[in-house]
Amino acid sequence: DTGSAAAIPVNPNYDIAYVTPVSIGTPPQTLHLDFDTGSSDLWVFSSHLPASQIRGQTIYVPANSSTAKLLADHTWSITYGDGSASRGNVYVDNFTVGGLTVENQAVQCALQVSTSFTRESNIDGLVGLGFSTLNTVVPKSQLTFFDNAKPHMDEPVFTADLKWKSEGTYDFGFIDEKKYTGKITYVPVNTSPGYWTFTSSGYAVGSGNFSATSIVGIADTGTSLVYLPPSILTAYYRQVEGATSSRTYGGYVFPCNSKLPSFTFGIGEARITIPSSYISYAPVTAGSSTCFGGLQSSSSLGINIWGDVALKAAFVVFHGGNPPTIGWAKK
Ligand SMILES: CC[C@H](C)[C@H](NC(=O)C[C@H](O)[C@H](CC1CCCCC1)NC(=O)CCNC(=O)[C@H](Cc1ccccc1)NC(=O)N1CCC(N)CC1)C(=O)NCc1cnc(C)nc1N
């Protein structure tokens, strides 16, 4: 089997996240979920939520699905890097993404979501595509959509073709040669942290020379920006007129009309270049002439994160073989 579905930016001006339409249950209920390789819970806004916590999101109503079954006495509770959180109970139901169906997929129903989720009316929940070891369901952890679908897939892969301010795609079970140029460079993945953790071979700022240095980080579709070691940030923002690290805004900011260099990172011998337009991320507040950078420091995170700002510069293959690997190509 294979599947293909759109990755739609939730905000027309800045790519803070992408959502993908999915169908759950019988008759199918369509929700728009944030596919997140940085976590492994599939959870949705549901009819169990208090009305005060729903603001425009579409909810999943298990009672309206003839194929929904409560997973008795199972609960979940998750906290994300940005402090957002949710918790609830668990059903199993039919789950379809772009024509690819998994029966008896664990669908975690929210009974409580934090305010940042309530505020984001275009995200109806998340589909975790990290390793199932990160799943938070107790007493028995549940498998991700990818782990459940893998045995039925033509190939045990999914690919991310995210785009700057436009609609991209997530493909499941096949690699679409039309979506990239040149060749795909695969590197090993360390699965023990539960994320898609790999080592980049170095970086270059603009047209500067390449600095060969191992950067261990995660490929995370659920994170908006790129978070790298402070030394790399200093090297980058040194080239940006008026750039400063702002305590007020919690990161590097610069005058929106400043000229920004591109940023290149290494995947083995291959090179992926993030255009400067992706790095001038967004005004710090609507209409401000001060912009927030798409490259930020990972010093407070304890982990380097290749988020959407990097991923949308490439065609990325999440290969769930034995052992898993991750492939990057230009496009
Ligand atoms: C089982 C837990 C699971 C693995 C969890 N995984 C993650 O946190 C990574 C995961 O990819 C999550 C997935 C997000 C969560 C919020 C909703 C959208 C998806 N990524 C992050 O938390 C990275 C930081 N957040 C972000 O990058 C959010 C994403 C977002 C997008 C749209 C709307 C709301 C939020 N972006 C912003 O806040 N933005 C606003 C500011 C703007 N300048 C950039 C965009 C984890 O590591 N949690 C451990 C953890 C807990 N507590 C903390 C404090 N840190 C932690 N790392």
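One-based numbering, in listed order, for ligands and for the atoms of each. On a predicted model such as this, the values are computed, not experimentally measured, just so you know.
Among pairs with a residue in residues 262-280, none fulfils salt bridge (Lys or Arg N to Asp or Glu O under 4.0 Å), at least two apart in sequence or across chains.
Looking only at protein heavy atoms, the nearest one to atom 19 (C) of ligand 1 is Gly222 O, 3.5 Å. Looking from atom 18 (C) of ligand 1 to the surrounding protein, the closest heavy atom is Asp34 OD2, 3.5 Å. Regarding atom 56 (C) of ligand 1, its nearest protein heavy-atom neighbour is Gly81 CA, 3.7 Å. The protein non-hydrogen atom at the shortest distance from atom 40 (C) of ligand 1 is Ile16 CG2, 5.0 Å. When hydrogens are left out, the protein atom nearest atom 1 (C) of ligand 1 is Leu134 O, 3.7 Å; that is the closest non-hydrogen contact. The shortest contact between atom 37 (C) of ligand 1 and any protein heavy atom is with Ser224 OG, 3.9 Å. In this structure, atom 49 (C) of ligand 1 lies nearest to the protein heavy atom Thr79 O, 3.7 Å. Annotation: atom 25 (N) of ligand 1 to nearest protein heavy atom, Asp82 OD2, 3.1 Å.
Between the side chains of Thr75 and Asn89, no donor-acceptor pair is found at a separation under 3.5 Å. With hydrogens and angles left out, the side-chain atoms of Asp124 and Gln57 include no donor and acceptor closer than 3.5 Å. If you check the side chains of Asp308 and Ser224, you find no donor sitting under 3.5 Å from an acceptor. Side chain to side chain, Asp15 and Tyr278 fail the donor-acceptor criterion of an N or O pair below 3.5 Å. Counted by atom type alone, Asn135 and Gln108 present one or more donor-acceptor pairs between their side chains at under 3.5 Å. Asp41 and Thr136 share a donor-acceptor pair across their side chains, judged by distance under 3.5 Å alone.
The distance criterion of under 3.5 Å between nitrogen or oxygen atoms is met by Tyr195 with respect to ligand 1. Taking any N or O of Thr136, backbone or side chain, none lies under 3.5 Å from an N or O belonging to ligand 1. Taking any N or O of Ser39, backbone or side chain, none lies under 3.5 Å from an N or O belonging to ligand 1. Any N or O atom pair closer than 3.5 Å counts here, and Tyr281 shares no such pair with ligand 1. At least one N or O atom of Gly38 sits closer than 3.5 Å to an N or O atom of ligand 1.
Contact atoms of ligand 1 toward Phe292: 43 (N) (distance under 4.0 Å to a heavy atom of the residue). The Ala17 neighbourhood of ligand 1 comprises atoms 31 (C), 32 (C), with distances under 4.0 Å to a heavy atom of that residue.
When non-hydrogen atoms are compared, ligand 1 lies under 4.0 Å from the backbone of Thr223 as well as from its side chain. Contact annotation for Thr37 and ligand 1: no heavy atom of the residue comes within less than 4.0 Å of the ligand.
At most 12 heavy atoms of other shown residues, nucleotides or ligands fall within 6.0 angstrom of atom CD in Glu103.
By the 6.0 Å and 45° rule, Lys330 does not stack over the aromatic ring of Phe315.
Under a 4.0 Å heavy-atom criterion, Tyr14 is not in contact with ligand 1. Using a 4.0 angstrom heavy-atom cutoff, Ser116 does not count as in contact with ligand 1.
In summary, the aromatic rings of Phe318 and Phe158 are positioned with their centroids under 6.0 Å apart.
Every residue two or more places apart in sequence or in another chain was checked for a disulfide bond (SG atoms under 2.5 Å apart) with Cys109, and none qualifies.
A salt bridge is defined here as a Lys NZ or Arg NE, NH1 or NH2 lying under 4.0 Å from an Asp or Glu carboxylate O, and Lys179 with Asp171 meets this definition. Salt-bridge check for Asp161 with Lys331: passed, with a basic side-chain N closer than 4.0 Å to an acidic carboxylate O.
Protein non-hydrogen atoms do reach within 4.0 Å of atom 10 (C) of ligand 1.
Remark: among candidates Val10, Asp220, Asp36, Thr133, the nearest residue to atom 13 (C) of ligand 1 is Asp36, based on non-hydrogen atoms.
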